[in-house]
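The next block holds one structure in the form of structure tokens; read it before the comments.
Just so it is clear, the values below take in all heavy atoms, side chains as well, and ignore hydrogens, waters and symmetry mates. Proteins come first, then strands; the chains are lettered A, B, ... in the order of their sequence lines, and each starts at number 1. As the structure is a computational prediction, the values presented were derived from the model and not from experiment.
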Amino acid sequence: MAITEPVLSIENLTIALPEGADRAFAVDDVSLQLFAGEILCIVGESGSGKSMSANAMMGLLPDLVRPVNGRIVFGAVDLLDKTEAELMDLRGRKLAMIFQEPMSALNPLMRVEDQIAEVFEAHRLLTPKERAARAVELLTEVGIPDPAKAAKAYPFQLSGGQRQRVMIAMALALEPEILIADEPTTALDVTTQAQILELIRDLQQKRGMAVMFITHDFGVVAEIADRVAVMQFGKIVETGTADAVLDDPQHAYTRKLIAAIPRLVAGQAPTRKEKPPVLEVENLFKTYRTGGGLFSKPRVVEAVKDVSLQLAEGETLGIVGESGSGKSSVGRCLVRLMEPDRGTVRLAGQDMAHLKGEHLRAVRGSIQMIFQDPYASLNPRAKIGRIIAEGPMAHGVSRREAYKRAARLLELVGLDVSAADRYPHEFSGGQRQRVGIARALALEPRVIIADEAVSALDVSIQAQVLDLLADLKERLDLALIFITHDLRVAAQICDRIAVMHQGEIVETGPAHDIFNRPQNAYTRTLIDAIPGREKELAAAG
Amino acid sequence: MSDFWKRFSRNRGAVIGVVILAVVVLVAVLAPVLFPQSPWRMVQRPFLPPLSMDQYPLGTDALGRDVLAGLAYGAQVSLLIGVVSTAAALLVGIPIGALAGYFGGVADDVLMRFTEFFQTVPSFALAIVLVAIFEPNIQSIIAAIAIVSWPPVARLVRGEVLSLRSREYVEAAILSGQTSATIIWRQVLPNTLSPIIVLASLMVATAILLESSLSFLGLGDPNLMSWGYMIGAARTVIRQAWWLSFFPGVAILLTVLALNLIGEGLNDALNPSLARRGR
Amino acid sequence: EPVTGGRANVVIQPEPPSLMVGLVQNGPTQMVAGNIYEGLLRYDTDLEPMPQLAKSWEISEDGMTYTFHLHENVKWHDGEPFTAADVVFSADVFLRETHPRLRTSLEHVEEISAPDDHTVVFKLKQPFGPFIGIFEVGTMPMIPKHIYEGTDFANNPANNTPIGTGPFKFAEWEKGSHILLTKNEDYYEEGKPYLDEIYWHVIPDAASRAVAYETGVVDMLPGGSIENFDVQRIAEMDNTCITDKGWEYFGPHSWMWLNNREGPTSDVRFRKAVMYAMDREFARDALWNGLGKIANSPVSSSTRFHTDDVTEYAYDPDKARELLQEMGYDGTPVRLLPLPYGETWQRWAEAVKQNLDEVGIEVEIVATDVAGWNQKLAEWDYDIAFTYLYQYGDPALGVARTYVSSNIAKGSQWNNVEGYVNEDVDALFDQAAVAVTSEERQELYTKVQQILTDEVPVAWLLELGFPTIYRCNVKDLVTTAIGVNDGFKDAYIEK
Amino acid sequence: MLRFILMRLMKAAVILIAILTLNFFLIHAAPGDPAAVLAGEAGAADAQFIEQLRQRFGLDKPLLTQLGIYLGGVLQLDLGYSYRQQMPVADLIFARLPATLLLTLTAFVIALVLGTLAGVLASARVGKWSDTVISTLALLFYATPLFWVALMAVLVFSVFLNWLPGFGYETVGANYTGFRRALDIAQHLILPATTLGLFFMAVYMRMTRASMLEVSRLDFVKTARAKGLRPGIIQRRHIFRNAMLPVVTLAGLQAGQLVGGAVLTETVFAWPGIGRLMFEALTQRDYNLLLGVFFVSAAMVLLFNLITDILYRVVDPRIRVVS
Ligand SMILES: Nc1ncnc2c1ncn2[C@@H]1O[C@H](COP(=O)(O)OP(=O)(O)OP(=O)(O)O)[C@@H](O)[C@H]1O
Ligand SMILES: Nc1ncnc2c1ncn2[C@@H]1O[C@H](COP(=O)(O)OP(=O)(O)OP(=O)(O)O)[C@@H](O)[C@H]1O
Ligand SMILES: [Mg+2]
Ligand SMILES: [Mg+2]
């Protein structure tokens, strides 16, 4: 790939944020070059300025956010000097973009075919009939099953992966020289993500486009990147070829990011002595019925089908599977946020699957949950102290005692005691997740269920929280059920893993076995789809 | 809190609204001091035009009563009815909405059908009927306004509760063994407060308009000098005395405008993420 | 000289429920139906009878037999001849069932007969002074026997297309908009009526009615059509005439019922205090444009047998306070019921409330609508209540009912609602009704008026003046004691 | 779709019956009855006469029996007989309904069209002076008492300037026909329809503006821009259609409620519609007539809701397919 002349180069770009923003410049003196036929990955944690750089190239910066310095040179001209009309002509034709959220990036009221046709219309190309035909061709090219039908569909009738393919079809319609992809796979589950990455890679090679790929996931970088640029606080801290950056990161920040990535290699399960099970689940079923009235049929989803599990004292069981496979449903049945249709959930010998009212309230303390969203899981109008103390108080602990316990727990999860008097919004995501953990511990449970407890966190913070959990588990002798779609995370923390697919557990076993010797075909696809896995395996030898 | 004030005071309209409302409140409170005599008192010859006598700058009405005094006392009535009827509507709407949203299922169905039912009856017509039937007095007017204005509250609260209900912190509270009552009271309702406050400020405005409309139709409390009453009474003499309907109309306009501006300001300040909705 | 042709545009308020005046006797019905239907007599502005369907009549010496001779060539609007049989049917059958006010008067009648097709004889049980006064169209309208005999009167479909003998025929009624009457070409009086058609405009809003006159949409505003506040302004317009004639027969008399049974109003000193406290002159000038007279007696000055020789109550708040002090009024609040008939009455109640306030009576105005007001009066659920009633030309017809104790009965607001009981008054009214000579009657009525003004069973307000406003080129619009209600047969428009 | 409509109609029928029942009891709880009113108007009624009337109207029967009779009639589409107007209620209402529909629908269309146009305009010029003017106007209209604007409008346009008729439905007695009549009615319509529409216009302006701004922040708008589409097309095709969804919902809810608002307008402008009919029926305790008006106006509310839902389904494919 010896190409000398960049198709696009960003020179000393600085983008100012409006007054009152969290910092003065979204992008600060950034220089980058993008060559034809390469995939340049921009990585960095949330808020580091990745999207802003991309938007600036398209001339699609939000109101009040404007470039104050630098140039974006594309084919000998500075894009920042272009008028809106000139930019309009370039957009879609020379520069195309796809976005993170396939759910919202398509107009919900327009048929897919019309939305693709618009690209031609915008540049006054082809007749309406030809445009429709081209739309179907493009859809075929991006590998949508039954493209003719998909063309007539509305976005909501397509799955997330399919929508992202539509977005790509749209971006490729006029064979642009540059494709900017802003986290196009973040919202997709692993298997779909793998497919989309492959698609982008294929198309890029076929057409020799330049692709600027924005992501925060180093797995994805490993999978797809030719070159990498790492951003932090609006600055580029490191650039280089993918191999160079991944294998030999120069900048401390890059090193930190890479170090925080959970390793896939699950540790050889420590040969523990068999402990008695604390939680036994047998033949659990849960079916959702939604909608439906006098005349219309309800939508029926069999979310949990005949699930049986055992959890030993002190053990961590991972439940993995793609989105919609029923992981959360199982978790919610276990803690009785939901009543299962059938089956038993024995917690220390007592079946709590069908308890009601006061009895249920009484046993609740023994099984607690840590939630996914650190923002939604804390009442914004309650102080941290109260949030933690409320549980014990509901179980009859005196107020003083409960607050004392809260203070101890805060210390335990690594927060200052003074946190008790503050409100959730004064904390970062990672800190909040610690509060959530403290709250779960406040009732001194035997079992904790963590549903995607780290999915919403940046990698580096993810690592901290995972460490904390592992540590606490050890110290308090907790049994943990860890629900996640991220196999890397599962590999890092779990003793045993259960793989779910369409409501059923297709395979259970020690983590090491699952990753290295998957028995089930589905488990294998799941593991194959993990981004960056090959590279890692290669590195591991 | 200070953050709230900063955002609120950045909104120019809201500040104007606060100023106007403050004046109205002040006038209402000070009415008995400014005009020690009853606004019903016939003080001068009828139909004295504005500015023709220093003592009665806004003139007199058909019976020679001081229009300015009437406006001052009218402010009392409007604000009182606006605030009390809104409070009453909230007292009905919040529990209904909260129960429907929190418990869902059959309770939700029943309560929402009930709410829908009240929304199907044309509300102004219903208010008229209610007031006429229970005879126009301040209680029946307040009750009627409350009865026609609680459904939006119930819907709003239900919607909020419905979305809060599945918030993780509510689920955490369920898991920690708190009772439903505690959860609704401590976890859910406090978080519906901002939209309720915004809605309430707009409801006060609507209630004032409703009261004045009722009074205009002759369905006001005959013992209270209200702005709507003044306009209604002046309607038949609008040709010879435009000022009798003009000034109270302006008073209503300004007060309602102020409340709307404040409502918008509150909305922007309390729910920065919630987009403005024209209500 | 009368001119033929032209159209009258008149306001009607409120829209009448029906034009069948035999069934419905409210004001607007009478006003429109007076053109379609006719009575045997009319009355001039001094309440002297004039011929209508009866061209002449005799009263026997003993005052017991009334004989009417009918016009001979009268036809109903559908072409059928009008005969004495129609009169007997109307008075004896139809109206006895449907017309409560006439029913009371007909109780004095022994027999009604038709010796021939054009003669009708009313034989009374005893002399009844006011009897000659009950033959106007609103009290005893002639109803076509051939249409109604043997039918269910109230539900007869013909009620929607009224058939009378009057100068105008019913043509069209667009509910909520207008009623159109057209000239009766076959009218029995030569040359009449002069007008081609009458449009009655339904304009429910008082201010709009005034605008309608100003903009030339209508040319006549019958009494009460517009708010009093507008009268002066409208009357000052070019080519505009105003008259308060045409109400003599009704003699609308306003007063406030004072509940004689309980509360402060049961004390005569309190009732007198109310009389002194009210500034009736102000009310007349501010609210009634100075039209009308202060009522100083229960009998209106246009009604027969009125006397001025009574106790007068001028505006005198001090005297009122004195009286209240004397009775030891403890400040018990009283409820005041305004008349739910529009703004003037509302303002009047407010003015009275203020008047009473000033002498220390605490008044709470109770708001009601027409139905509630009716019910509250009929159930005696009030302390003070506004009203006005017609006198129908004779105290025996329109005054006695308010004061005689035999007329105390729950369920109606047209009787002795205040609950006043005085045997002397009862006796005097009874004697006066059947006394034969006018002198005798005058003497008895004078006495009654003196007693009543002394005891103040109700608080009299005004003899109301309801001005009729019209373009001055409309001539002979109001010629009788019931004014526009008597139909437009004499009216013509000067070119 | 058909099934959906059927469902909704059934639900509507239940709601209507419930409304009638509630109103039936409400109005019977009021003091006084039609007999008392009629007797009152008759001038000299005695208790016997009132009793006669009550019997004639069936008011002497037990309340539940009366309700049964009434609802029985309604099920056969018989709205009963007006006591005071001596006519079938249905005839009275249908004689007045066209006027109300004309008024409210005109007001509604004016409000919707001008309101959304102004809203779109304002949203396209956020922060510019034209936005300020529109937004301020919207706020003012929103805060003005309807009856007061009506009065002022009559005063200015009808009385002082004498440009437009200030009351009534048409020039009575002019006997215009055809186009001339339509023109005449249109002239009479201008003031009431505009004043009635002002408030709603304000609502739609504010709502459209807010909704447009909200939608224009959504991701798919960015997608559209990334395609190189011109701003005009993006506004029309992407933002406007999506922004109209909440407006349509609101408009549907309000179209029905306009009838209620019409009471005031019809009173001030002497418009012969059912709003006024209702008010008269109420004060006269003309039970059947009042219930009839409620029946019709509630039916209109439900009808408009139904239309909205259907419209919504047409505009929004998501709802169309899901249910
Ligand atoms: N519309 C906006 N107005 C003002 N500031 C903004 C806006 N959007 C983003 N910012 C700020 O700009 C900075 C860079 O944001 P940007 O969206 O480029 O980050 P990012 O690297 O794409 O993060 P993420 O991974 O979360 O998408 C952040 O500090 C952010 O708060
Ligand atoms: N409350 C609900 N009502 C109806 N269907 C539901 C409900 N919750 C989940 N489902 C459906 O049940 C299935 C399983 O959902 P669940 O949330 O358990 O999946 P998951 O494995 O946790 O997915 P994710 O990784 O996206 O969280 C999905 O098809 C989902 O659409
Ligand atoms: Mg981004
Ligand atoms: Mg889940």
(message) Does any backbone or side-chain atom of D:E280 lie under 4.5 Å from a heavy atom of chain C? Answer side chain, backbone, both or neither.
(response) side chain
(message) Within this structure, what is the OH-CD distance for the pair D:Y169 and C:E174, rounded to the nearest 0.5 Å?
(response) 8.5 Å
(request) Report the distance from atom CZ of D:R56 to atom CG of C:N155, rounding to the nearest 0.5 Å. (result) 6.5 Å
(request) Under 4.5 Å heavy-atom distance to chain D, tell me which part of C:T98 shows up: side chain, backbone, both or neither. (result) backbone
(request) Output the option from D:N162, D:V154, D:T283 having the highest count of non-hydrogen pairs under 4.5 Å with chain C. (result) D:T283
(request) Give, as side chain, backbone, both or neither, the part of D:L92 having an atom under 4.5 angstrom from any heavy atom of chain C. (result) side chain
(request) Between chain D and each of C:E214, C:E15, C:R103, C:K410, count heavy-atom pairs under 4.5 Å; write down the option with the most. (result) C:R103
(request) Measure distances from D:V268 to the heavy atoms of chain C and classify the residue's part below 4.5 Å as side chain, backbone, both or neither. (result) backbone
(request) Please name the pair of heavy atoms, one in D:D33 and one in C:Q375, separated by the smallest distance, quoted to 0.1 Å. (result) N-OE1, 4.5 Å
(request) Heavy-atom distances under 4.5 Å only: say whether C:R209 touches chain D with side chain, backbone, both or neither. (result) neither
(request) Please flag which part of C:N160 lies under 4.5 Å from any non-hydrogen atom of chain D: side chain, backbone, both or neither. (result) side chain
(request) Could you have a look at C:P16, C:A378, C:A154 and say which one has the most heavy-atom pairs with chain D under 4.5 angstrom? (result) C:A154
(request) Taking all non-hydrogen atoms of both residues into account, name the closest pair between D:L282 and C:D369 and its distance. (result) O-OD2, 4.2 Å
